[in-house]
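Remarks on the structure that follows.
Keep in mind the model is a prediction, meaning the values are calculated, not measured. Side-chain atoms are counted along with the backbone in the values below, which use heavy atoms only and exclude waters and symmetry mates. Chain A is the first sequence line, chain B the second, and so forth, proteins listed ahead of strands; every chain is numbered from 1.
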Amino acid sequence: GDSVTQMEGPVTLSEEAFLTINCTYTATGYPSLFWYVQYPGEGLQLLLKATKADDKGSNKGFEATYRKETTSFHLEKGSVQVSDSAVYFCALSGPQGGSEKLVFGKGTKLTVNP
Amino acid sequence: NAGVTQTPKFQVLKTGQSMTLQCAQDMNHEYMSWYRQDPGMGLRLIHYSVGAGITDQGEVPNGYNVSRSTTEDFPLRLLSAAPSQTSVYFCASGTGKTYEQYFGPGTRLTVT
């Protein structure tokens, strides 16, 4: 079945460092890909998405590019802030791109120190 | 818009008790889902619905029931609580037009 593998955490960085969180997927058809963020004690918020190959999703300085040839959707940010400390989840949509169910990676906890 | 709301925020049950976790959305989304979040496991899909009167099982459905009588509401019922159901439960809604799902704030359930 469909699956998502993302780099294990936790990840600890200093403020203004470069961030990469790797995400690869296995899926039938052509799924949509997502990054969600969960701040402490809260639910998940959509950070960015890409719905077809070579699309780049971006939001709040974060970017990820849908790479069909490497089945990857790595999250990057050029300069992290303390406020970016959270758990980040990579996810894909269901078969045939339907959004009625998502498959999640296990999450990567990011801590940014001042 | 309130978005996706869940009640209660916290709940403690004894083994064998039953309860219903409530979920409502006011965005007229056709899709609604329940996930559980456990440490190191990410989120796993319990049940989902693609419209009123239509539900289906996800990855971990055992011990849970759902029904969807209206577009707005999607309650999750625990039939006989077990310690393995200790988790944080998230409800989400979405639409096929935009692909993403919107999550509620979660219910933290402890079964002793």
Side-chain donor-acceptor pair under 3.5 Å between [X] and [Y], yes or no?
X         : Y        : answer
Tyr30(A)  : Tyr66(A) : no
Arg108(B) : Ser87(B) : no
Thr108(A) : Gln6(A)  : yes
Gln38(A)  : Gln37(B) : yes

### Message
Just checking Phe104(A) against Tyr35(B), ring centres under 6.0 Å apart?
### Response
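They qualify: ring centres under 6.0 Å apart.
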### Task
Heavy-atom distances under 4.5 Å only: say whether Leu46(A) touches chain B with side chain, backbone, both or neither.
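For Leu46(A), side-chain heavy atoms alone lie under 4.5 Å from chain B.
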### Task
Name the region of Gln45(A), side chain, backbone, both or neither, that has any atom closer than 4.5 Å to a heavy atom of chain B.
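Neither the backbone nor the side chain of Gln45(A) comes within 4.5 Å of chain B.
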### Query
Is there any residue in residues 46-60 of chain B with a non-hydrogen atom under 4.5 Å from a non-hydrogen atom of chain A, and which ones are they?
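From residues 46-60 of chain B, the residues near chain A are Tyr48(B), Val50(B).
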### Query
Is a salt bridge present between Asp38(B) and Arg44(B), judged by a nitrogen-to-oxygen distance below 4.0 Å?
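Judged by the 4.0 Å cut-off on N to carboxylate O distance, Asp38(B) and Arg44(B) do form a salt bridge.
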### Query
Is the closest basic N to carboxylate O distance between Glu63(A) and Lys56(A) below 4.0 Å?
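Between Lys56(A) and Glu63(A) there is a salt bridge, with a charged N closer than 4.0 Å to a carboxylate O.
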### Task
With a 4.5 angstrom heavy-atom cut-off, could you sort out which part of Leu43(B) is near chain A: side chain, backbone, both or neither?
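When you check distances to chain A, atoms from both the backbone and side chain of Leu43(B) fall under 4.5 Å.
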